[in-house]
> 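I am attaching a structure below and will ask some questions about it afterwards.
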2 protein chains.
Amino acid sequence: MADQSQGASTRQRDESRRQERAGRILDAAAGLILRWGYSKTTIDDIARQAGVAKGTIYLHWKTREDLFGALLRREKLGLADDIRQRIADDPAGSALRGALKHSALALMKRPLLKAVLLRDLDVIGKLAHGERNSAAQLERLTGFKTYLEFLRDCNLVRTDLSLRSQEYVVSAIFMGFFLAAPLIPEEFTLSDDEIADLMAETVHRTLEPDRAVPADELQNASHAFLRYLNHATKTAESSFSEM
Amino acid sequence: MADQSQGASTRQRDESRRQERAGRILDAAAGLILRWGYSKTTIDDIARQAGVAKGTIYLHWKTREDLFGALLRREKLGLADDIRQRIADDPAGSALRGALKHSALALMKRPLLKAVLLRDLDVIGKLAHGERNSAAQLERLTGFKTYLEFLRDCNLVRTDLSLRSQEYVVSAIFMGFFLAAPLIPEEFTLSDDEIADLMAETVHRTLEPDRAVPADELQNASHAFLRYLNHATKTAESSFSEM
DNA sequence: CTATGACCAAATAGTCTTAATCAGTCATTT
DNA sequence: AAATGACTGATTAAGACTATTTGGTCATAG
């Protein structure tokens, strides 16, 4: 006999409906967590918001933490996709400055990840806590390091500066432009796009040589960054920890 | 008659002893607050540590908050002095980059103010809380603005960038290099001096024109920054609020 | 076979009472 | 007059107990 009782397409459809429902649940969780914070968001709330019974949620994830882990993972993968999209739409700006600018802009549109990055404890609670120097974060940074090393080999960033320093500079600029916004009095803040552009310019002037870069080298840089993204994506897929 | 019962020199000596004792008390408070945090530091602790009776503390300050206000004020004035000293010792590096570098280095040596800046709540508790957008902070920023405006007038910083953006860039760089250190995994951090130098270089390459600057213009810049410092100092003297 | 929601144990929040601590005062000592 | 530390009232912590909530399960319905 071919199939027991259901056709392959049925099984497939069931699986896709399942995925869609999982997505709805995660959507509900994301919305609630942003509105009420991590610790105040209960499984019952999520079930009600998603229009499923509580038990259904446990058909998808074993524990509450698994659910939030999946949510963060989805956010990270989505972020990586957004960045890839932006880079694809702007191949000219794919050197280091472009990578940072597009990452920043994409990140600003993801309030959950923004909260994680800014360690906005009201929102994420202890979800991403106690993992500050987690293996994943380290791996992410070392992945970034190989990207930077590649850029150095291509002379797409200055080489008269140690790799270590360069890493610190990139991190500091990225975090600074991000963190400054909420800490500065309102009347001094700028729009997301202005911030991203200024960040890009800062990185450019500080770390990139001012020679004109041929298009094919930009392609290389672009590919290297995509490799980094893919690497980061892979580690995100297999781990629960924070950014 | 001349004096009632004590000579002027005696009165003077008493006053200086008084000042010295006030200093000892503030020293004790600073040490305890750094070790145990603001909320866990009691007046009794401070008195014991300073070797005075509790009542004596109230001969100097009306309330606990007054004491901590005085402590913060003293720290701020000391910081300003340190910065002035550094600038005086390095007149060549007194353009914007030097101002930031010296401010950063001076600040790093003042753990209490560093905690306030980094909003290290474990240390400062609610001491500097609820004043985020305080009038003092605003005034400080506007004071900095006039400094920046002066630098623009002298062509000591780029003018092809709005003042507003420039302010944001300076803030972001300053905060970024500061905040990155504790958030980055240990094996990626740098020494204070390295950080300050990188910060200075970043500010230089991002905001300063690369023309060679004559010594007399540097003098001007130096004076302008000292004016800003004096302004900030004055507002610190008259107010209790945070940095 | 899937989805549900009543159900349970465990954790959390709330309530009340008691004990301890602390900021600030002031009578006493030096 | 200056300095002290025992004292006080008010705030906070601790504890004991109860009520509520919540993560997770599972027998049942569809």
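Below, chains carry the letters A, B, ... as their sequence lines are ordered, and counting in each starts from 1.
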> Which one, D/dG24, D/dT22, C/dC22, comes nearest to the side chain of A/Y58?
D/dG24
> Rounded to whole Å, please give me the gap between CD1 in B/I46 and P in C/dA23.
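My rounded result for the distance is 8 Å.
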> To the nearest angstrom, how far is A/R48 atom CZ from D/dT21 atom C1'?
12 Å
> Give a yes or no on whether B/K109 atom NZ has more than 12 heavy-atom contacts from other residues, nucleotides or ligands under 6.0 Å away.
yes
> In whole angstrom, what separates A/H60's NE2 from D/dG24's P?
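Atom NE2 in A/H60 sits about 16 Å away from atom P in D/dG24.
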> Nearest whole Å is fine: how far is C/dC1 P from A/R18 CZ?
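After rounding, the reported distance stands at 14 Å.
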> Using the ring of each side chain (for Trp, its six-membered ring), is B/Y168 parallel, tilted or perpendicular to A/F177, with breaks at 30° and 60°?
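Correct class here is tilted.
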> Does a sphere of radius 6.0 Å around CZ in B/R24 hold more than 12 heavy atoms from other residues, nucleotides or ligands, not counting ones at 6.0 Å or beyond?
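Yes - once you tally the heavy atoms of other residues, nucleotides and ligands closer than 6.0 Å, there are more than 12.
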> Can you find a side chain N or O atom of B/T56 that sits less than 4.0 Å from OP1 or OP2 on D/dT4?
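Yes, because at least one side-chain N or O of B/T56 sits under 4.0 Å from OP1 or OP2 of D/dT4.
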> The side chain of A/T42 is closest to which nucleotide in this list: C/dT4, D/dG23, D/dT4?
D/dG23
> Write down the distance between CZ (A/R64) and P (C/dA9), rounded to a whole number of angstrom.
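The distance from CZ of A/R64 to P of C/dA9 comes to 22 Å, rounded to the nearest Å.
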> What about B/K54: does its side chain form a donor-acceptor pair under 3.5 Å with the base of C/dG24?
yes
> Distance check needed: C/dA23 P versus B/K40 NZ, whole Å only.
12 Å
> Measure from the side chain of A/V52, starting at C-beta and using heavy atoms only, and say which of C/dA23, C/dT4, C/dA3 lies closest.
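Out of C/dA23, C/dT4, C/dA3, the nucleotide with an atom closest to A/V52's side chain is C/dT4.
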> Take the protein atom CD1 of B/I57 and the nucleotide atom P of D/dG5, then report the distance between them rounded to whole Å.
12 Å
> Side-chain donor-acceptor pair under 3.5 Å between B/Q85 and B/D89, yes or no?
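On atom types as modelled, these side chains qualify, holding a pair under 3.5 Å.
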> On DNA chain C, check which nucleotide each of A/G51 and B/D44 is closest to and give me the residue with the more 5' one.
A/G51
> Report the residue from B/I195, B/I173, B/L107 that forms a side-chain contact (heavy atoms from CB on, under 4.5 Å) with B/F178.
B/L107
> Distance check needed: C/dA23 C1' versus B/L59 CG, whole Å only.
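In whole Å, C/dA23 C1' lies 15 Å from B/L59 CG.
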> B/R21 near the nucleic acid: base, sugar-phosphate alone, or nothing, with a heavy-atom cut-off under 4.0 Å?
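Answer is sugar-phosphate: B/R21 comes under 4.0 Å of backbone atoms only.
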